[in-house]
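None of these values were measured; they are calculated from a predicted model. Positions are given from 1 along the sequence.
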Amino acid sequence: MKSKNREFEVVYTEQELEEKVEEMKSWGYDKNDIHVLANNADILNSVETQEGVHTHETETITDKFKSVFTGEDAVREELNALDLSQAEIDEFHDILDDDGIVLYTDHRNDTRI
């Protein structure tokens with residue numbers, strides 16, 4: 001999936017995540033260009049250690065605390081910061097709620113077919 005200035009991928013297992021990171025690197029992305037959003041801290045710790053990509057846990061205690069007191073959904077806030085459409089935010093939010101893992105890049109690689 002491509003958005004304005006980023007490329008997005010969705011996976012559901014740690015093995016798929018590792019394979020997708022390697023695939024994205026083969027597309028020309030540097031590990032520092034790749035970000036991973038997930039609810040599962042163990043998966044994030046694993047990929048961060050093995051691959052060196054940026055990781056973002058979406059359901060931290062702080063996020064839950066903030067959501068309770070502000071009424072704002074911290075996951076939606078994080079997705080909103082990526083300048084996505086409301087439909088894309090809803091889609092990725094649902095994926096993360098279903099234990100999916102969202103990978104995105106800092107920029108789009110227009111040389112990739």
Side-chain angles (χ1 to χ4, degrees):
M1 175 181 300
K2 292 185 178 184
S3 187
K4 298 171 186 131
N5 294 319
R6 293 181 170 86
E7 186 144 1
F8 290 83
E9 298 289 332
V10 175
V11 297
Y12 288 91
T13 67
E14 188 173 342
Q15 181 178 344
E16 287 176 328
L17 175 59
E18 291 171 7
E19 290 169 1
K20 187 56 70 175
V21 167
E22 287 305 313
E23 184 177 14
M24 292 173 88
K25 287 179 185 177
S26 76
W27 296 341
Y29 288 106
D30 184 85
K31 67 183 177 183
N32 293 317
D33 294 334
I34 302 169
H35 298 262
V36 179
L37 288 170
N39 291 339
N40 187 326
D42 292 335
I43 286 177
L44 292 177
N45 290 337
S46 172
V47 74
E48 185 175 44
T49 300
Q50 293 177 13
E51 306 294 341
V53 300
H54 300 282
T55 58
H56 309 272
E57 186 177 359
T58 59
E59 287 294 316
T60 64
I61 297 296
T62 304
D63 289 342
K64 290 177 185 178
F65 187 77
K66 179 181 177 182
S67 294
V68 167
F69 286 98
T70 66
E72 297 176 12
D73 184 331
V75 175
R76 285 188 188 279
E77 191 175 300
E78 174 118 12
L79 292 169
N80 196 35
L82 298 175
D83 195 29
L84 300 172
S85 70
Q86 189 59 50
E88 290 171 315
I89 290 170
D90 293 343
E91 177 184 358
F92 290 131
H93 188 275
D94 290 346
I95 289 167
L96 291 165
D97 276 350
D98 289 336
D99 293 327
I101 303 163
V102 177
L103 293 86
Y104 69 91
T105 59
D106 283 331
H107 61 278
R108 202 164 111 189
N109 183 347
D110 290 324
T111 61
R112 185 173 90 81
I113 298 175

Check whether any side-chain heavy atom of Phe92 lies under 4.5 Å from a side-chain heavy atom of Leu82, and answer yes or no.
no

d(Phe8 CZ, Thr105 OG1) to nearest 0.5 Å is 7.5 Å

From the options Glu16, His35, Glu23, Glu9, select the one residue that forms a side-chain contact (heavy atoms from CB on, under 4.5 Å) with Leu103.
Glu9

When rounded to the nearest 0.5 Å, the distance separating CG of Asp42 from CD of Glu14 is 8.5 Å

State, with a plain yes or no, whether a side-chain heavy atom of Lys25 is found less than 4.5 Å away from one of Ile34.
yes

Keeping Asn39 on the side-chain end and Leu96 on the backbone end, is there a donor-acceptor pair under 3.5 Å?
yes

Any chance you could measure Ile89, atom CD1, to Asp83, atom CG, to the nearest 0.5 Å?
8.5 Å

Inter-residue atom distance Asp33.CG - Trp27.CH2, 0.5 Å rounding:
13.0 Å

Inter-residue atom distance Thr13.OG1 - Glu19.CD, 0.5 Å rounding:
7.0 Å

With sequence neighbours excluded, residues passing side chain to side chain donor-acceptor pair (under 3.5 Å) with Asp98:
none

Atom NZ of Lys31 and atom CD of Glu22: how far apart are they, to the nearest 0.5 Å?
10.5 Å

Are Asp106 and Tyr29 side-chain neighbours, meaning at least one heavy-atom pair lies under 4.5 Å?
no

